[in-house]
There are 2 protein chains.
Amino acid sequence: MGRSSVNGQLDLLLLSSLGAGEAHGYALIARIHERSGARIELQEGSVYPALHKLEAAGCVASRWADDDGGRRRVYALTGAGHAELARKVEEWRGFSAAVRGVLGAAS
Amino acid sequence: MGRSSVNGQLDLLLLSSLGAGEAHGYALIARIHERSGARIELQEGSVYPALHKLEAAGCVASRWADDDGGRRRVYALTGAGHAELARKVEEWRGFSAAVRGVLGAAS
DNA sequence: TCCCATACCTAGACTCTCTAGGTATGGGAC
DNA sequence: GTCCCATACCTAGAGAGTCTAGGTATGGGA
């Protein structure tokens, strides 16, 4: 595992980014890179399998679009995806609060 | 991987807890459980290998103590451990800020 | 016509943490 | 006095998640 790891929050990042509007894989990578302040640099090999898994789980839906040039697969959040996003946001808040609790006691 | 995962922050949690004073394995588990607001429940099978790894890396030092009854292995932060802790705290702050950045844009 | 950027995909490897076992000791119950 | 349980430590192996390193296809500019 390389050093730009997302520590188990990949699904959260993808769902959250799709919450801002449908997008294709490459665009999601750019979106997350930008919004993270260039701190998160996802790889294609991480993103595409994760999107396929989310689609299999019914959290996102995809359609093929050939707008400009090459083929593109555009993903959008489903109803279940919105619910899952909300759940994962809560989970993240709980986890980061827990870590802050442990850190805060010491330093 | 079970569902109480610490998402790659196990070393941070252990080092940070040891920053509050030396302790043995079981005590660390209890300390982290308490300070996380009961949200993080580490398993022995996670903690002991992690402590051994940190000791091999020179971040912690251990000594055997048979205070009350059974044997106990008491761990303490080394100088290198303090430095590593500071580094990991910074890493965590950067990462959680990055996630907040991605989340904040959407919801 | 060739090359490069965009865009997508997959297999395999690697790391991390958990599960599920195991050992040893001391104290209380019966 | 013996049994059982809580405390305390340990390890091998499994499983999940993400990355590396490859590959394919298309369109546009040199």
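Order of the sequence lines fixes the chain letters, A, B, ..., with proteins taken first and strands second; residue numbering starts at 1 for each chain.
In this structure, A:Gln9 places its CD atom 13 Å from C1' of D:dT18, rounding to the nearest Å. Rounded to a whole Å, the NE2 atom of B:His24 is 15 Å from the C1' atom of C:dA24. Between the CG atom of A:Leu42 and the P atom of D:dG17 there is a distance of 15 Å, rounded to whole Å. In this structure, A:Leu12 places its CG atom 16 Å from C1' of D:dT18, rounding to the nearest Å. Taking atom CG of residue B:Leu51 and atom P of nucleotide D:dT11, one finds them 12 Å apart after rounding to whole Å. Distance B:Ile29 CD1 to D:dC9 C1': 10 Å, rounded to the nearest Å. Distance, A:Leu54 CG to D:dT18 C1': 14 Å, rounded to whole Å. Put simply, CD on A:Gln43 is 20 Å from P on C:dG12, counting in whole angstrom units.
Looking only at side-chain heavy atoms (C-beta outward), B:Arg39 and B:His33 stay at 4.5 Å or farther from each other. Looking only at side-chain heavy atoms (C-beta outward), B:Lys53 and B:Asp11 come within less than 4.5 Å of each other.
Residue B:His52 places at least one side-chain N or O closer than 4.0 Å to OP1 or OP2 of D:dT11. For C:dC9, the OP1/OP2 oxygens have no side-chain nitrogen or oxygen of A:Arg71 closer than 4.0 Å.
Nearest to the side-chain atoms of B:Leu10 among the listed nucleotides C:dA7, D:dC9, C:dT17 stands C:dT17. For A:Tyr48, taking side-chain heavy atoms from C-beta onward, the closest of the listed nucleotides D:dC10, C:dC9, D:dT20 is C:dC9. Side-chain proximity of B:Tyr75 to D:dC10, D:dA8, C:dT17: nearest is D:dC10. Nearest nucleotide to the A:Arg72 side chain, out of D:dA8, C:dT6, C:dC9: C:dT6.
In this structure, C:dA13 forms a base pair with D:dT18, meeting either the Watson-Crick or the G-U wobble geometry with both donor-acceptor distances under 3.5 Å. Remark: D:dG27 base-pairs with C:dC4. Criterion, Watson-Crick or G-U wobble with two distances under 3.5 Å.
Side-chain contact check for A:Ser62 and A:Arg73: at least one donor-acceptor pair (N or O, by modelled atom type) lies under 3.5 Å.
Between A:Phe95 and B:Trp92, the angle of the ring planes goes over 60°, which puts this pair in the perpendicular group of the 30/60° scheme.
Counting all heavy atoms, side chain and backbone alike, A:Val102 lies closest to B:Ile32 at CG2-O, 4.0 Å.
When heavy atoms are screened at a 4.0 angstrom cut-off, B:Gly25 is found touching the sugar-phosphate backbone but no base atom.
Comparing B:Pro49 and B:Glu44 against DNA chain C, the residue whose closest nucleotide sits nearer the 5' end is B:Pro49.
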